[in-house]
**Q** 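So that we are looking at the same thing, I have put the structure below in structure tokens.
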Amino acid sequence: MTSFTQSVIDTIKHIPQGKVASYGQVAAIAGFPGAARQVVWVLHTSSEKEDLPWHRVINAQGKISLKPGSGHEQQKSLLEQEGVRFDASGTIDLDQYLWSPG
DNA sequence: AACCTGACTTCGG
DNA sequence: TCCGAAGCCAGGT
């Protein structure tokens with residue numbers, strides 16, 4: 001499979017524990033730069049079926065985009081369990097936790 | 001077949 | 001520095 005969906009799913013599955021990646025980054029690595037919104041859609045449609053580490057995908061500012069009550073707390077909790085520290089304002093230190101597939 | 005939506009990103013005023 | 005608008009693409013209705 002070389003579809004956009006499969007590429008994104010595969011990319012997300014490769015995000016290591018304790019690291020995070022932005023939507024745009026995931027799209028770019030998957031081979032579709034600028035397709036951040038489609039990544040959102042993939043998470044919505046395949047996060048459970050494909051058993052994806054959806055919580056490791058955040059926005060480019062190092063913050064969780066979900067609204068409180070819609071998974072925000074759960075995502076933060078899951079990341080903290082993996083060792084990701086949050087700022088007092090709920091921001092992740094990208095210098096330290098941003099995934100670089102190097 | 002056309003229109004709408006989505007956990008985004010980036011640029012311009 | 002902050003806000004608004006446009007652009008990305010696939011899937012659902």
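Just so we're on the same page: letters track the sequence lines, and every chain starts at 1. Just so it is clear, the model here is predicted, and its values are computed rather than measured.
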**Q** Separation of A/Gln61 atom CD from B/dT9 atom P, in whole Å?
**A** 7 Å
**Q** A/Arg37 has an atom CZ; how far is it from atom P of C/dA6, in whole Å?
**A** 14 Å
**Q** Find which nucleotide of DNA chain C each of A/Pro33 and A/Thr5 is nearest to by heavy atoms, and output the residue with the more 5' nucleotide.
**A** A/Pro33
**Q** Does a side-chain N or O from A/His72 land closer than 4.0 Å to OP1 or OP2 of B/dA7, or not?
**A** no
**Q** Are the side chains of A/Pro53 and A/Ile12 in contact, using a 4.5 Å heavy-atom criterion?
**A** yes
**Q** Rounding to a whole Å, what distance do you find between A/Gln6:CD and C/dG11:P?
**A** 11 Å
**Q** Quick one, A/Phe32 and A/Thr11 - any side-chain contact, counting heavy atoms below 4.5 Å?
**A** no
**Q** Quickly work out the A/Leu52 CG to B/dA7 P distance and round it to whole Å.
**A** 16 Å
**Q** Could you work out which one of B/dT10, B/dG6, B/dA7 sits closest to the side chain of A/Tyr23?
**A** B/dA7
**Q** Counting any heavy atom closer than 4.0 Å, what does A/Val39 reach on the DNA or RNA strands: base, sugar-phosphate only, or nothing?
**A** nothing
**Q** Starting at atom CD of A/Gln75, determine the distance to atom P of B/dC8, rounded to an integer number of angstrom.
**A** 11 Å
**Q** Nearest-Å distance, NZ (A/Lys49) to P (C/dG11)?
**A** 10 Å
**Q** Using heavy atoms to find the nearest nucleotide of DNA chain B for A/Gly24 and A/Gln38 separately, return the residue whose nucleotide is more 5′.
**A** A/Gln38
**Q** Evaluate whether atom NZ of A/Lys63 has more than 12 neighbouring non-hydrogen atoms of other residues, nucleotides or ligands under 6.0 angstrom away.
**A** no
**Q** Whole angstroms only, please: what is the CH2-C1' distance between A/Trp41 and B/dC8?
**A** 15 Å
**Q** What is the ring orientation for A/Phe4 with A/Trp41, classed by angle as parallel under 30°, tilted 30 to 60°, or perpendicular over 60°?
**A** parallel
**Q** Side chain of A/Ser22 only, please: which of C/dG11, B/dT9, B/dA7 is the nearest?
**A** B/dT9
**Q** Using atom CG of A/Leu66 as one end and atom C1' of B/dA7 as the other, report the distance to the nearest whole Å.
**A** 4 Å
**Q** Going by heavy atoms in the side chains, are A/Trp54 and A/Glu48 under 4.5 Å from each other?
**A** no
